[in-house]
Protein chains: 2
Amino acid sequence: MSQSHYAINAVVRRTGLTAHVIRIWEKRYQAVQPERTATNRRLYSDEQVERLELLRDATKAGQSIGVVAKLPTDTLRRMALAASGAGAPARQKEALPDEASAFFEAALEAVRALDTRVLEQVLRRADVTLGTQGMLQRVAAPLAQALGSLWRDGTITAAQEHFATVVLRTYLATAAQIFAASGNEPVLVVATPSGQLHELGAMLVAASAANLGWRVIYLGASLPAAEIAGAVLQSRAKAVALSLVYPENDSRMEGELVRLRELLPAGTGLIIGGRAIAAYRPILDKIGAVPAQDLPRLLSVLDDFRK
Amino acid sequence: MSQSHYAINAVVRRTGLTAHVIRIWEKRYQAVQPERTATNRRLYSDEQVERLELLRDATKAGQSIGVVAKLPTDTLRRMALAASGAGAPARQKEALPDEASAFFEAALEAVRALDTRVLEQVLRRADVTLGTQGMLQRVAAPLAQALGSLWRDGTITAAQEHFATVVLRTYLATAAQIFAASGNEPVLVVATPSGQLHELGAMLVAASAANLGWRVIYLGASLPAAEIAGAVLQSRAKAVALSLVYPENDSRMEGELVRLRELLPAGTGLIIGGRAIAAYRPILDKIGAVPAQDLPRLLSVLDDFRK
DNA sequence: AAATACTAGACAAACAATTGACAATAGACA
DNA sequence: TGTCTATTGTCAATTGTTTGTCTAGTATTT
């Protein structure tokens with residue numbers, strides 16, 4: 001197989017664990033036993049990295065490291081499969097209230113410094129410690145929201161805001177990558193309608209849904225109703241999620257949304273979220289779209305459509 | 001096999017490594033053993049250049065040079081494959097002339113089908129088979145260009161065009177991340193100026209430059225001159241690359257570009273590329289910006305600014 | 001003459017390993 | 001409830017390694 005030998009630093013990058021933890025897991029529980037160079041540096045194989053990832057997931061799900069570290073890798077793989085299949089979050093560790101905000105602050109710091117690497121690292125670590133949904137709801141979503149107001153404040157520059165948007169966007173896209181391999185998940189089309197240029201909200205939805213086992217077709221920002229409907233037809237999607245942020249009083253929006261509902265096959269779910277939904281509330285009611293004020297509510301709505 | 005022999009300068013150009021590093025890798029780890037001229041100048045073969053590229057990628061991925069430099073080239077190739085996540089067959093260099101267009105066609109097919117997974121897979125495979133620069137220049141760039149005209153044709157829908165843009169964008173961003181910097185590479189700021197909404201060209205530049213060893217700060221689309229300059233100052237960037245695609249006759253562009261040049265520290269490189277540069281040519285000359293018609297030319301320009 | 005390339009040796013910053021100590025948490029038990 | 005204990009992650013200090021960069025001096029190419 002592959003002969004890769006990763007230094008501990010590379011393992012840190014891939015697993016999101018700290019070097020401290022990796023070493024202490026080895027010392028105390030013999031979780032992995034990496035080779036050593038002639039000068040005593042650890043060298044990890046792909047298998048060992050995978051094992052560490054599995055251990056990370058198991059502990060994140062509430063298992064104690066002392067127990068799972070002794071299990072063979074096969075068993076860990078089965079556990080991971082079972083856990084993701086059940087979708088039932090066992091006893092997800094409740095993070096401290098200020099733990100999420102520490103990540104938030106760290107992320108903001110990286111944004112100010114225009115430091116891609118650190119920003120990504122913070123997001124990945126939040127992903128590991130809070131769980132993907134926790135990271136999305138308590139770090140990424142607040143960050144996405146804060147960017148706008150901080151920029152209006154003058155607390156951050158437009159360049160920093162753009163920068164953060166791009167990095168966040170990329171992270172969400174890859175985090176949402178959830179192997180669509182199985183192919184028979186329900187399909188969700190995500191986009192923002194014509195005139196709505198802010199796409200971060202839509203990306204959050206896409207990442208969140210993908211993490212919960214939807215196959216997401218993400219179409220980006222500012223797409224006419226007919227196009228969205230076309231994509232739904234082509235992909236036989238079960239539901240559509242739109243995000244409305246700004247502007248809040250686009251007169252053409254009503255026409256767009258009505259048209260979209262007309263063009264969608266009967267039975268297709270239509271979920272609309274984002275800052276601006278309050279302003280468009282009457283329209284949503286009229287066309288029977290389900291509003292979702294925030295990410296948790298969106299997920300529960302998605303769950304209903306899944307059946 | 002081609003019998004070309006490259007002087008170290010050419011190798012620097014193609015790999016993004018410094019001459020110092022190339023020599024020290026040879027001395028300390030016998031990474032490559034180039035021929036010598038009668039007067040002791042190093043001469044590198046294509047195979048050796050490829051090997052250096054593989055070593056560069058492996059080290060950027062976190063493997064230590066001391067370990068990987070001793071591995072046979074075959075193993076390095078396999079590792080590059082594994083790292084890019086493709087289970088693809090290890091096609092050797094010298095791609096057929098139409099191989100790139102086969103990838104192009106396959107990519108287009110995936111776009112029509114709105115199939116994220118396949119589209120990503122095609123890009124990854126192209127990456128491995130043609131090399132990163134080959135993939136960028138012969139698949140991604142043509143695809144980015146084609147999307148616009150195909151959409152105007154009606155050959156593809158706007159939804160498909162949006163979809164392709166997003167997937168391509170994400171792939172380029174992560175591909176560029178793989179080469180994430182160790183910290184002391186020269187910094188390049190990439191963006192599109194106010195009014196220019198198409199960012200795919202800028203992303204291509206960013207990915208390409210990152211692959212050649214720049215630390216790229218990517219700011220996305222439509223940013224005012226003052227903001228771009230601010231980011232340059234903050235990051236102490238050596239150069240700025242802008243992409244102009246559409247519109248081709250924005251009257252405010254001249255003001256923006258002039259202002260940008262004024263705000264940039266003396267000595268900062270200013271490179272401008274994209275479909276629309278012909279239309280803005282007089283302005284570019286006026287402010288002393290270097291035009292770059294295509295990706296290969298951009299890279300050689302970047303090379304000049306490196307020092 | 002100026003730019004480029006070569007060697008050798010020195011250097012500093014980043015990276016790793018080890019150890020021992022510490023703090024937070026959960027569960028057990030009185 | 002409070003106290004004890006085992007578990008777990010974190011931290012600091014120290015030592016050693018790895019790696020890219022730099023300088024100086026010489027030679028070659030353009």
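To find a chain, count down the sequence lines: A is the first, B the second, and so on, and within it residues start at 1.
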Is the backbone of [Y] close enough, under 3.5 Å, to the side chain of [X] for a donor and an acceptor to pair up by distance?
| X | Y | result |
| --- | --- | --- |
| A:Q160 | A:R112 | yes |
| A:Q63 | A:K60 | no |
| A:R138 | A:Q133 | no |

Please determine whether a side-chain nitrogen or oxygen atom of [X] lies at a distance below 4.0 Å from atom OP1 or OP2 of [N].
| X | N | result |
| --- | --- | --- |
| A:R41 | C:dA17 | no |
| B:N40 | C:dA5 | no |
| A:Y29 | D:dT7 | no |
| A:W25 | D:dG9 | yes |
| A:T37 | D:dT17 | no |
| A:T39 | D:dT18 | yes |

Rounded to the Å, how far apart are [X] [atom1] and [N] [atom2]?
| X | N | atom1 | atom2 | value |
| --- | --- | --- | --- | --- |
| A:Y6 | D:dT18 | OH | P | 20 Å |
| A:H20 | C:dC15 | NE2 | C1' | 13 Å |
| A:K27 | D:dC11 | NZ | C1' | 14 Å |
| B:E185 | C:dA14 | CD | C1' | 14 Å |
| B:Y44 | C:dA5 | OH | P | 10 Å |
| B:K60 | D:dG20 | NZ | C1' | 11 Å |

With no hydrogens and no angle check, do the side chains of A:T73 and A:E50 hold a donor and an acceptor under 3.5 Å apart?
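No, A:E50 and A:T73 have no side-chain donor paired with an acceptor closer than 3.5 Å.
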
Proximity to the side chain of A:I65 - top-ranked nucleotide from D:dT19, D:dT8, D:dT18:
D:dT8

If you apply the rule side chain to side chain donor-acceptor pair (under 3.5 Å), what do you find for B:Y6 with B:R14, and how did you get there?
CA-CA 10 Å; B:Y6 305 95; B:R14 287 185 41 181; 3.1 Å; yes

Map B:R28 and B:A19 onto DNA chain C by nearest heavy atom, then report which one ends up closer to the 5' terminus.
B:A19

Taking the nucleotide of DNA chain C with the closest heavy atom to each, which residue, A:R36 or B:R36, is nearer the 5' end?
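The residue whose closest nucleotide sits nearer the 5' end is B:R36.
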
Reading DNA chain D from 5' onward, which residue's closest nucleotide shows up sooner: B:V21 or A:V67?
A:V67

Looking across every strand, which nucleic acid part, if any, lies under 4.0 Å from [X] by heavy atom: base, sugar-phosphate, or nothing?
| X | result |
| --- | --- |
| B:R23 | base |
| A:A7 | sugar-phosphate |
| A:T18 | sugar-phosphate |

